[in-house]
Amino acid sequence: MTAPDNNEGGLSVLDRPNSYIGRTVPRPNAKRLIAGRGTFVDDIKLPRMLHLAFLRSPYAHAKIEGIDSDEAKSMPGVIGVFTGKDLIDHCTSWQGVLTHLAGLKSAPQSALAVEKASWQGEAVVAVVATSRALAEDAIEHIIVDFKDLPVVLDMETALDPATPVIHPELGDNLTWTREVVGGDVEAAFSNATHIVEETFRFSRHTGVTLEPRGLVADFDPVERKMTVYHSGQAPHMMQAIFAKHVDLPEADVRVICKDIGGSFGIKVHTYGDEMATVAIAKILGRPVKFIADRVESFTADIHSRDHKVTARMAVDAEGKILGYELDDLTGVGPYSMYPRTSAIEANQVISLSGGQYDFENYRAKATVVYQNKAMMCQYRAVGHPIATAVSEGMADLAAAATGLDPLEFRRRNLVADDAYPKTSAAGAPMDDLSHHACLDKMVTMMDYDAVRADRTAARAQGKIRGIGFASFIEVGSPSPLFYGTGGARISAQDGATLRLEPQGTVTVSIGVTEQGQGTEAIIAQIAATAVGVAIENVRVKTGDTDNSPYGGGTWGSRGAGIGGEATLQAGKVLRQNILHVAGAVLQTGPDTLDILDGAVVDKQGGAERITLADLGAQVHFRTGELPNDLQPEFVATQHYRVKGQPFVLTNGIQASYLDIDPETGGVTLLKHWVVEDCGTVINPQLVDEQIRGGVVQGIGGVLFEECLYDEDGNFISATMADYLVPMAAEMPDIEIAHVETPTSTSELGAKGAGEAGTGGAPAAIMNAVNDALAPHKARVTTHPITPERVLRALGVI
Amino acid sequence: MPSMVSWRLRGGAQRVRYRYVHQPNWGKIPVKAPPFAYVRATSLDQVFDLKAQHGDDARILAGGQSLMAMLNLRLDAPELLIDINGLDALKGIDEDGDAVVIGGLTRHVELERSALVATHLPLIAEAMPNIAHPAIRNRGTIGGSIALADPAAELPACVVALDAEIKLVSGAGERTVKAREFFHGLYDTARNDDELVAAVRVPKSPVSRRYFFSEITPRRGDFASAGLAATVEIDGDTMSDLTLVFFGLAGRPILAARTGDAASGAALTGDIDQIIGQVHAVLDEELETQADLHSSAKMKSHLARVLTKRALTQFAAGRS
Amino acid sequence: MDETTVISCTVNGEAVEEIVPARLNLVDFLREKLDLTGSHVGCEHGVCGACTVRLDGVIVRGCLTLAAQVNGATIETIEGVTATGEVADLQEAFLARNAAQCGFCTPGMVMSAAELLTVNPDAGRAEIRDFLSGNYCRCTGYQAIIDAVETTLAGRKNGGSTT
């Protein structure tokens with residue numbers, strides 16, 4: 001940790017005495033959760049609260065020719081029934097486009113479907129009743145006259161002239177396309193010794209947060225103020241969206257996110273059912289609760305992935321990459337999601353693929369199309385599982401073509417650790433990365449030679465066993481260039497306000513939110529360190545637009561990188577403010593003082609001069625003892641954003657070791673290793689657990705999870721028995737190590753850690769599967785790698 | 001699960017799919033049960049009276065591990081639930097001469113921990129931990145499992161393999177149906193709607209008999225993509241009375257009688273691969289499999305061969 | 001026929017008598033009627049395990065049991081086992097190991113793990129994974145949970161148990 005701190009005379013603020021940076025401390029809020037005393041949105045009960053249930057489209061694509069809800073309206077407990085037409089005047093429509101994504105187009109979308117439904121699960125009618133069960137009873141008595149329309153499902157034929165156009169006003173089913181070109185790919189391929197080619201397919205996934213999406217919207221018709229208790233990741237963003245579309249000033253909309261039961265990017269979007277809930281609460285002037293049930297979650301939460309990528313890589317005789325090109329096709333449902341759009345994942349794929357390698361000639365094209373399936377948007381590790389699996393899959397093919405060990409191939413091609421700052425072939429700015437250090441650490445940690453020997457021995461006994469690697473880069477801490485530039489009211493900046501309370505404790509209010517990652521813990525660690533108090537004396541408040549500085553919330557691995565830096569800077573200001581007052585009180589120069597463990601001390605020698613509790617009492621209650629020209633400011637706010645580049649990259653390497661049952665095709669994960677460089681590690685345990693959870697989410701994607709649709713666009717795996725999430729029995733133990741290269745963009749030096757596990761695991765496991773299958777002349781490049789796909793590759797069935 | 005949740009979740013999902021395709025009201029699929037009345041039955045006669053009164057509008061609630069999920073999804077809308085959990089007459093595991101009689105309300109966890117079952121019905125003892133997860137096994141019952149007849153359920157396959165008898169009771173009296181004649185097709189059994197599975201009478205397994213139970217699932221506790229409950233008599237090196245009952249392959253447990261017959265009499269001293277090859281040849285002709293969401297029919301046929309091979313290999317290794 | 005029923009039961013040691021709709025399931029009863037919101041609703045089709053509670057001493061899925069069925073029964077929830085201190089060591093291990101992230105699965109996970117502690121005190125890692133395989137956690141990747149349970153088992157063997 002070498003980030004300079006001008007105030008510390010060469011000593012980093014992170015290295016202050018009693019620093020909490022780099023220490024495992026328990027999360028202050030975890031105890032409550034473990035005792036079952038969390039407050040999730042469905043735990044909130046308000047007086048006169050009503051419950052909302054939706055009739056959703058059973059068809060993937062159907063015209064709504066009539067809705068008869070007369071009978072439902074007279075059912076017991078029913079307060080109101082609302083159709084799309086009923087809500088038009090109460091909730092304006094939206095379009096998921098951003099101006100900096102040139103050519104991106106999308107049709108206007110309403111809270112409830114109006115003229116037609118465009119995917120199975122789109123909300124069509126809302127019923128409000130005194131209980132959820134009664135609302136569902138009434139739904140059974142609503143008759144919707146649907147007329148089926150032809151469905152567009154296959155992304156590969158979505159643009160064919162014969163395929164119907166989902167939104168005729170758009171002219172075609174093309175959402176967005178972009179090509180990235182760097183260097184001269186044609187020349188690179190013509191000079192190549194080896195050219196390898198492959199096609200990869202990635203299934204549709206969804207987040208399956210254990211707590212479904214939900215909200216309680218409470219409108220006070222007298223003050224005309226809306227309070228929304230929301231299971232979400234970005235309270236300020238939702239404040240702006242709710243305000244805009246139900247026509248209230250932002251200042252009169254308060255969004256409160258209490259405990260959030262998992263989010264992973266699922267809960268940072270604009271959902272029609274949630275917008276309808278807010279609009280109906282405003283119409284009725286009563287609190288309205290909507291909690292998605294599990295089938296609704298499957299069909300109406302955003303989905304992700306669903307890519308087909310065709311790639312080619314050219315290498316010379318020594319195995320140096322000369323050129324790399326890929327074409328990515330993805331289908332994103334019938335609309336582009338608002339406000340982040342559904343073009344970002346494909347954009348990440350073409351912007352990041354191969355970014356871990358040192359080569360100059362690159363061409364990548366993204367084609368994003370509409371289809372009548374659930375909408376797609378950003379979900380944990382946006383695009384990275386695809387970019388990494390394709391690039392690392394190609395790297396292994398190129399290594400094999402050159403006769404190199406996969407790690408040797410990577411050594412020859414990974415960007416050198418001293419080559420930064422650097423711009424990738426795709427044009428991405430890169431800095432402070434450590435691919436070679438991570439690779440070296442991986443070799444040691446896993447004992448590569450021993451694992452290889454073990455593989456050899458196992459194969460001799462007839463086992464199908466493989467080792468796979470994935471070097472990766474991962475985007476975190478997005479700057480304003482990500483969304484704000486394109487017109488979205490999504491803050492890339494976050495603020496932290498630190499207050500010294502009369503008893504000497506510190507209260508932090510901050511825009512980044514907690515969804516279980518441990519945001520509150522690391523913010524407390526940073527605040528305690530920066531100010532100089534014990535962590536037990538720090539309280540962190542998040543997730544309330546009325547009470548925290550404006551910010552973007554927690555997504556894109558930005559909690560530590562952005563929220564943490566804002567806290568550090570605010571903590572430093574508060575410390576100076578305190579020392580300024582202490583200097584006056586103690587009649588000494590503030591420069592001679594410091595704060596340690598809740599007391600002002602002499603910088604030299606460390607003798608305690610006055611505790612913060614005494615100082616706090618003096619400042620708050622015995623102000624008359626202070627000099628008249630001294631106005632204590634025991635509140636400090638600082639904001640932070642990433643400047644000058646679009647994001648802060650992290651990097652690392654994962655390795656997988658696995659067995660394949662030659663008879664059943666089942667994959668048994670024996671071991672998984674990760675070496676990660678997320679810059680300054682604030683809390684080693686929390687970082688490791690973010691990585692472990694992320695890896696397992698990646699394992700779900702590569703081995704199990706698949707949103708399956710039939711030929712009519714029916715989502716046929718929409719229960720937890722059919723959509724296979726990873727469970728405890730099949731998961732491996734995961735070993736983790738770190739290389740710490742602090743980002744030079746901030747003093748704290750922390751980068752993101754939340755998504756790298758998910759981004760890299762599918763590639764490592766796919767490569768291990770293909771290493772295992774290689775002696776049998778078989779390969780699998782379709783995710784999930786199911787037993788049946790393995791057996792088909794082996795020619796067994 | 002397989003099993004308890006299974007038929008609702010599996011059956012449920014299938015019904016959801018059916019409704020998706022054929023009925024424009026899939027969108028009404030909810031999560032809170034529809035309204036119904038509830039009676040906590042205190043005697044079998046009361047159950048019979050209520051069934052006589054309400055017919056198909058009344059459902060019997062035993063463990064509820066399938067029925068409840070189905071009700072939550074409103075895939076079923078009975079007027080009345082008759083809770084039989086208080087009927088002690090349907091509980092217990094007892095010896096009866098050369099058989100073990102298992103009451104219909106016996107919960108999976110009781111079978112799993114029963115010394116009688118471990119001693120006399122080792123196949124069932126081996127099967128039990130495969131059923132779903134502990135919280136489901138604490139509640140699910142053998143009567144419910146058999147009455148529902150999930151094609152991927154373990155217990156129906158076991159009772160077929162062990163040639164058990166199923167005792168059905170109704171207001172009209174009681175009757176016994178051989179397990180091998182009980183399972184007709186997908187959720188279709190010999191049980192009439194007014195009958196309860198009162199007990200299952202399972203012949204005690206001779207000490208000389210060998211057992212094999214295995215299932216292949218996507219994840220621990222999931223519906224089996226394929227499963228096999230098998231028993232065999234081994235005299236010296238010779239197999240006889242090979243009984244192979246597959247589950248998870250089609251609409252009901254499949255007793256592969258021709259395959260078993262073909263292998264009976266085979267000597268296990270020779271080339272085991274050759275025996276397996278012969279058995280596979282008959283099996284391929286005999287078995288008909290149906291795809292589910294995660295496995296094609298071809299995959300299931302293949303897994304049936306794998307399980308058969310594993311069973312024969314285990315039998316060969318364990319002879320003497 | 002009447003679509004409500006009266007139940008008397010003991011919940012976390014307290015006698016409870018309520019009139020409930022027959023269709024109300026146990027976890028909704030606990031959450032909505034008794035405000036015991038520690039048990040969570042994750043799927044309502046019996047797969048995720050978030051609603052795991054104890055009924056007459058053994059764990060069950062709260063969404064697959066009717067409130068009407070618990071007449072005369074004893075129910076324990078995360079609130080109850082926390083108050084008695086029965087799982088204090090397990091909860092301490094969860095905290096120390098960061099075996100809870102978002103915390104939504106955690107009450108169900110603790111209830112399931114508590115049963116494992118009593119029925120299989122000799123469980124190894126594979127058996128712990130197996131026993132908890134019916135409880136879904138999206139956040140942790142499970143390893144921390146397995147570690148916490150393993151630590152608790154070891155602690156109880158060494159006499160560290162308070163139960």
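Side chains included, hydrogens not; waters and symmetry mates left out as well; all remaining heavy atoms used. Every chain is numbered from 1, with letters handed out A, B, ... down the list of sequences.
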The test is side-chain contact (heavy atoms from CB on, under 4.5 Å); show your working for C/Ile7 and C/Phe29 and say whether it passes. CA-CA 11 Å; C/Ile7 55 171; C/Phe29 168 69; 3.7 Å; yes
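- Only the backbone of C/Asn135 comes within contact range of chain A, judged by heavy atoms closer than 4.5 Å.
- Under a 4.0 Å N-O distance rule, the pair A/Glu136/C/Arg23 does not qualify as a salt bridge.
- The aromatic rings of A/Trp673 and A/Tyr657 are tilted relative to each other, their planes meeting at an angle between 30° and 60°.
- Inter-residue side-chain proximity for A/Val216 and A/Val41 is flagged as met; some heavy-atom pair is nearer than 4.5 Å.
- Between A/Asp301 and A/Lys267 there is no salt bridge, since none of the side-chain N atoms of the basic residue sits less than 4.0 Å from a carboxylate O of the acidic one.
- With chain C as partner, the option from A/Pro26, A/Gly261, A/Gly516 having the largest number of non-hydrogen pairs under 4.5 angstrom is A/Gly516.
- Interface summary for chain C: among A/Ile34, A/Ile260, A/Ile699, A/Val696, the most heavy-atom pairs under 4.5 angstrom belong to A/Ile34.
- For the set A/Val25, A/Asp259, A/Asp42, the entry with the most heavy-atom pairs within less than 4.5 Å of chain C is A/Asp42.
- Here A/Lys258 does not pair with A/Asp43 in a salt bridge; the nearest charged N to carboxylate O distance is not below 4.0 Å.
- Annotation: residues 206-215 of chain A contacts chain C through A/Thr206, A/Gly207, A/Val208, A/Leu210, A/Glu211, A/Pro212 [non-hydrogen atoms, separation under 4.5 Å].
- Interface remark: C/Phe104 contributes backbone and side-chain atoms alike to the contact with chain A (heavy atom separation under 4.5 Å).
- Ring-centre distance between A/Phe715 and A/His303: below the 6.0 Å cut-off.
- Looking only at side-chain heavy atoms (C-beta outward), C/Leu24 and C/Glu32 come within less than 4.5 Å of each other.
- Of the charged side-chain nitrogens involved, at least one lies within less than 4.0 Å of a carboxylate oxygen, so that C/Arg125 and A/Asp733 count as a salt-bridged pair.
- Atom CE in A/Met720 sits 5.5 Å away from atom SG in C/Cys48 (nearest 0.5 Å).
- Aromatic ring centres of C/His40 and A/Phe40 lie closer together than 6.0 Å.
- Salt bridge status for C/Arg54 with C/Glu86: present, with a side-chain N to carboxylate O gap under 4.0 Å.
- Contacts of C/Ala96 with chain A are made by backbone atoms alone, with heavy-atom separations under 4.5 Å and no side-chain atom involved.
- For chain A, the nearby part of C/Thr106 is the side chain; its heavy atoms alone come within less than 4.5 Å.
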Go through C/Leu55 and C/Ile75 one step at a time and tell me if the side-chain contact (heavy atoms from CB on, under 4.5 Å) criterion holds. CA-CA 5 Å; C/Leu55 170 58; C/Ile75 315 293; 3.5 Å; yes
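- Contact annotation for C/Arg97: both backbone and side-chain heavy atoms come within less than 4.5 Å of a heavy atom of chain A.
- Interface remark: A/Glu514 contributes no atoms to any contact with chain C (heavy atom separation under 4.5 Å).
- Here C/Cys102 is the residue among C/Ala83, C/Ala100, C/Cys102, C/Pro21 with the most heavy-atom pairs under 4.5 Å with chain A.
- For A/Ala133, the parts lying under 4.5 angstrom from a heavy atom of chain C are both the backbone and the side chain.
- If you tally non-hydrogen atom pairs under 4.5 Å between each of C/Ser39, C/Gly38, C/Gly42 and chain A, the highest count goes to C/Gly42.
- For chain A, the nearby part of C/Thr82 is the side chain; its heavy atoms alone come within less than 4.5 Å.
- Chosen from A/Gln517, A/Lys45, A/Gln690, A/Gln515, the residue pairing most often with chain C at heavy-atom distances under 4.5 Å is A/Lys45.
- Under the 4.5 Å side-chain criterion, counting only non-hydrogen atoms from C-beta, C/Leu90 is in contact with C/Val149.
- Between chain C and the residues A/Ser131, A/Ala728, A/Pro726, A/Ser297, the largest count of heavy-atom pairs under 4.5 Å involves A/Ala728.
- Using a 4.5 Å cut-off between heavy atoms, A/Arg692 touches chain C through backbone and side chain atoms alike.
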